[in-house]
K.L.:
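Can you read through this structure? Questions will come right after.
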Amino acid sequence: MKRLLFILALSLFLAGCGEAIETNMSEDMLDFEFTTQDNETMSLKDLEGEYWIADMIFTNCTTVCLPMTSNMKMLQDRLAEEGYGDLNLVSFSVDPDYDTPEVLREYGESYDVDFSNWTFLTGYDFQTIKEISIKSFKSLLAEAPEGTDQVTHGTRFFLINPEGEVIKYYDGVQSETIESIINDINKLNE
């Protein structure tokens with residue numbers, strides 16, 4: 001009987017140690033220090049200690065980045081309504097040669113982004129962002145084929161925990177994703 005009580009107590013303890021949401025990933029975020037749309041630097045260390053959401057886009061994308069960025073903007077607005085207006089959103093450019101800080105700022109302004117908690121990053125080479133995409137986000141990334149400027153990249157939003165671990169991905173193209181993210185953020189803040 002004592003053994004059964006011990007196992008039950010241990011199970012309850014271990015259940016309390018995990019994330020408060022159902023996760024579908026467990027990857028360490030690679031360390032980074034990149035350039036923002038304001039020509040400042042942002043590093044993984046700057047985001048330490050808090051949850052944040054990331055995606056990968058590029059400004060001259062003619063397909064999936066349009067709904068992704070619109071959905072991220074809707075998410076930013078909903079987070080503010082829910083009292084989480086300080087939760088950081090980070091968009092990594094997958095076309096860093098074209099997406100200078102000035103181009104990223106203009107892009108964000110065209111979506112009426114609040115830059116106080118949404119940062120666009122550049123200032124690295126393609127191999128660096130490819131490594132982050134593959135190792136941290138488990139998402140393929142391929143340079144634009146010859147004759148086009150359209151980079152092939154994933155369409156997910158990613159939730160990163162305060163320890164810098166990517167713990168969940170969401171479909172960044174579907175607007176229904178916003179409610180799932182809000183529900184998870186609410187659970188994490190209970």
Side-chain angles (χ1 to χ4, degrees), residues 19-30 32 34 36-37 42 44 46-59 61-96 99 104 107-108 110-122 124 129-142 150-189:
E19 302 290 343
I21 62 169
E22 188 175 321
T23 61
N24 55 18
M25 288 187 76
S26 178
E27 297 298 328
D28 288 333
M29 189 69 209
L30 291 180
F32 65 84
F34 299 143
T36 72
Q37 74 280 346
M42 174 180 263
L44 180 58
D46 294 327
L47 298 162
E48 204 171 81
E50 55 192 54
Y51 286 94
W52 53 286
I53 307 236
D55 73 348
M56 305 186 92
I57 54 98
F58 64 109
T59 62
C61 176
T62 59
T63 57
V64 295
C65 299
L66 305 169
M68 288 177 68
T69 305
S70 293
N71 287 339
M72 190 70 87
K73 172 58 177 155
M74 285 191 284
L75 176 61
Q76 183 181 48
D77 293 344
R78 280 297 311 284
L79 287 168
E81 288 171 17
E82 297 285 327
Y84 306 118
D86 57 347
L87 190 139
N88 282 298
L89 308 174
V90 179
S91 291
F92 293 86
S93 171
V94 294
D95 188 5
D99 288 339
L104 290 172
Y107 181 76
S110 74
Y111 282 89
D112 198 25
V113 163
D114 177 355
F115 291 109
S116 69
N117 72 318
W118 188 351
T119 305
F120 293 82
L121 294 177
T122 190
Y124 38 80
I129 196 59
K130 184 174 181 179
E131 186 175 355
I132 286 175
S133 183
I134 292 170
K135 291 184 178 177
S136 295
F137 298 136
K138 295 298 179 209
S139 184
L140 293 177
L141 179 60
Q150 298 299 294
V151 177
T152 302
H153 65 94
T155 60
R156 293 176 173 168
F157 291 173
F158 300 93
L159 177 62
I160 297 93
N161 73 12
E163 293 76 40
E165 178 188 4
V166 183
I167 59 170
K168 191 163 185 176
Y169 67 81
Y170 307 85
D171 185 333
V173 176
Q174 301 300 318
S175 59
E176 298 82 32
T177 293
I178 295 165
E179 286 309 310
S180 299
I181 296 172
I182 294 294
N183 289 338
D184 284 348
I185 298 299
N186 280 326
K187 287 176 188 173
L188 292 169
N189 285 285

K.L.:
Can you name the closest pair of heavy atoms from Leu104 and Ser93 and give their distance?
P.N.:
CD2-CB, 4.4 Å
K.L.:
Met29 and Ile132: side-chain contact (heavy atoms from CB on, under 4.5 Å), yes or no, with the steps?
P.N.:
CA-CA 8 Å; Met29 189 69 209; Ile132 286 175; 3.7 Å; yes
K.L.:
Provide the closest heavy-atom pair for Pro67 versus Thr63 in the form atom of the first, atom of the second, distance.
P.N.:
CD-O, 3.2 Å
K.L.:
Excluding sequence neighbours, so at least two apart, what forms ring-ring contact (aromatic ring centres under 6.0 Å, His included) with Tyr170?
P.N.:
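Expected list: none.
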K.L.:
Is the shortest heavy-atom distance from the side chain of Val90 to the side chain of Leu47 under 4.5 Å?
P.N.:
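A side-chain contact under 4.5 Å exists here.
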K.L.:
If the condition is salt bridge (charged side-chain N to carboxylate O under 4.0 Å, His left out), which residues does Lys187 pass it with, not counting sequence neighbours?
P.N.:
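Salt bridge (charged side-chain N to carboxylate O under 4.0 Å, His left out) check on Lys187 returns nothing, list empty.
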K.L.:
Apply ring-ring contact (aromatic ring centres under 6.0 Å, His included) to Tyr111 and list each qualifying residue two or more places apart in sequence or on a separate chain.
P.N.:
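Result, ring-ring contact (aromatic ring centres under 6.0 Å, His included) vs Tyr111: Tyr107.
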K.L.:
Residues in ring-ring contact (aromatic ring centres under 6.0 Å, His included) with Phe158, at least two apart?
P.N.:
Phe137
K.L.:
Taking the side chain as every heavy atom from C-beta outward, state whether Thr122 and Phe58 have any atom pair closer than 4.5 Å.
P.N.:
no
K.L.:
With heavy-atom distances below 4.5 Å as the criterion, would you say the side chains of Leu89 and Thr119 are in contact?
P.N.:
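A side-chain contact under 4.5 Å is absent here.
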K.L.:
Under 3.5 Å, which donor-acceptor pairs link side chains of residues 79-88 to any protein atom two or more places apart or in another chain?
P.N.:
unit_1, atom_1, unit_2, atom_2, d
Glu82, OE2, Arg78, NH2, 3.0
Tyr84, OH, Asn186, OD1, 2.7
Asn88, ND2, Glu50, OE2, 2.4

K.L.:
Keeping to residues at least two apart or across chains, list the salt bridge (charged side-chain N to carboxylate O under 4.0 Å, His left out) pairs with something in residues 150-159.
P.N.:
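Every pair satisfying salt bridge (charged side-chain N to carboxylate O under 4.0 Å, His left out) with a residue in residues 150-159: there are none.
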K.L.:
Going by the rule salt bridge (charged side-chain N to carboxylate O under 4.0 Å, His left out), which residues pair with Asp95 if we only count those two or more places apart in sequence or in a different chain?
P.N.:
none
K.L.:
Would you list the pairs meeting salt bridge (charged side-chain N to carboxylate O under 4.0 Å, His left out) in which at least one residue belongs to residues 62-75, sequence neighbours left out?
P.N.:
Lys73-Asp77
K.L.:
Less than 4.5 Å apart, any side-chain heavy atom of Ile53 and any of Met72?
P.N.:
yes
K.L.:
Report yes if the side chains of Ile167 and Ile21 come closer than 4.5 Å at any heavy-atom pair, otherwise no.
P.N.:
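Side-chain contact under 4.5 Å: yes.
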K.L.:
Please name all residues satisfying salt bridge (charged side-chain N to carboxylate O under 4.0 Å, His left out) with Asp46, sequence neighbours left out, ordered by chain then number.
P.N.:
none
K.L.:
Check Ser139 against Ser133 and note the closest heavy-atom contact, atom names and distance.
P.N.:
O-OG, 2.7 Å
K.L.:
Mind running side-chain contact (heavy atoms from CB on, under 4.5 Å) on Val113 and Thr69 for me, showing each step along the way?
P.N.:
CA-CA 10 Å; Val113 163; Thr69 305; 5.6 Å; no
K.L.:
How close do Val94 and Met56 get, counting heavy atoms only, and between which atoms?
P.N.:
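Scanning both residues completely, I find the closest heavy atoms to be CG1-CB, 3.7 Å.
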K.L.:
Does any non-hydrogen side-chain atom of Asp99 lie less than 4.5 Å from one of Phe120?
P.N.:
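Phe120 vs Asp99: side chains apart.
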K.L.:
So, using ring-ring contact (aromatic ring centres under 6.0 Å, His included) as the criterion, who are the partners of Phe32 when residues are at least two apart?
P.N.:
Phe34, Phe92
K.L.:
Taking only residues two or more places apart in sequence or in another chain, which ones pass side chain to side chain donor-acceptor pair (under 3.5 Å) with Asn71?
P.N.:
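Side chain to side chain donor-acceptor pair (under 3.5 Å) check on Asn71 returns nothing, list empty.
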K.L.:
Kindly indicate, with the supporting measurements, whether the criterion side-chain contact (heavy atoms from CB on, under 4.5 Å) is fulfilled by Thr23 and Asn161.
P.N.:
CA-CA 11 Å; Thr23 61; Asn161 73 12; over 6 Å; no
K.L.:
Hey, could you give me the CG/CG distance between Leu188 and Asn183, rounded to the nearest 0.5 Å?
P.N.:
11.0 Å
K.L.:
To the nearest 0.5 Å, how far apart are CD in Gln174 and CD in Glu179?
P.N.:
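It comes to 14.0 Å.
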K.L.:
If I compare all heavy atoms of Met25 with all of Lys168, which pair ends up nearest, and what's the gap?
P.N.:
CB-N, 4.0 Å
K.L.:
Checking the side chain of Thr177 only, and the main-chain atoms of Asp171 only, is there a donor and an acceptor separated by less than 3.5 Å?
P.N.:
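Yes.
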K.L.:
Find out whether Leu75 and Ile182 are in side-chain contact, i.e. whether some heavy atom of one side chain is under 4.5 Å from a heavy atom of the other.
P.N.:
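They are in side-chain contact.
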K.L.:
Just jot down the side chain to side chain donor-acceptor pair (under 3.5 Å) partners of Glu131, sequence neighbours excluded, or say none.
P.N.:
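Applying side chain to side chain donor-acceptor pair (under 3.5 Å) to Glu131 gives Lys135.
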K.L.:
Please report the closest heavy-atom contact between Ser136 and Asp28, naming both atoms and the distance.
P.N.:
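For Ser136 and Asp28, the tightest heavy-atom pair comes out as OG-O, 3.2 Å.
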K.L.:
Could you check if a side-chain atom of Met68 sits within less than 4.5 angstrom of a side-chain atom of Val173, using non-hydrogen atoms only?
P.N.:
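Yes, their side chains come closer than 4.5 Å.
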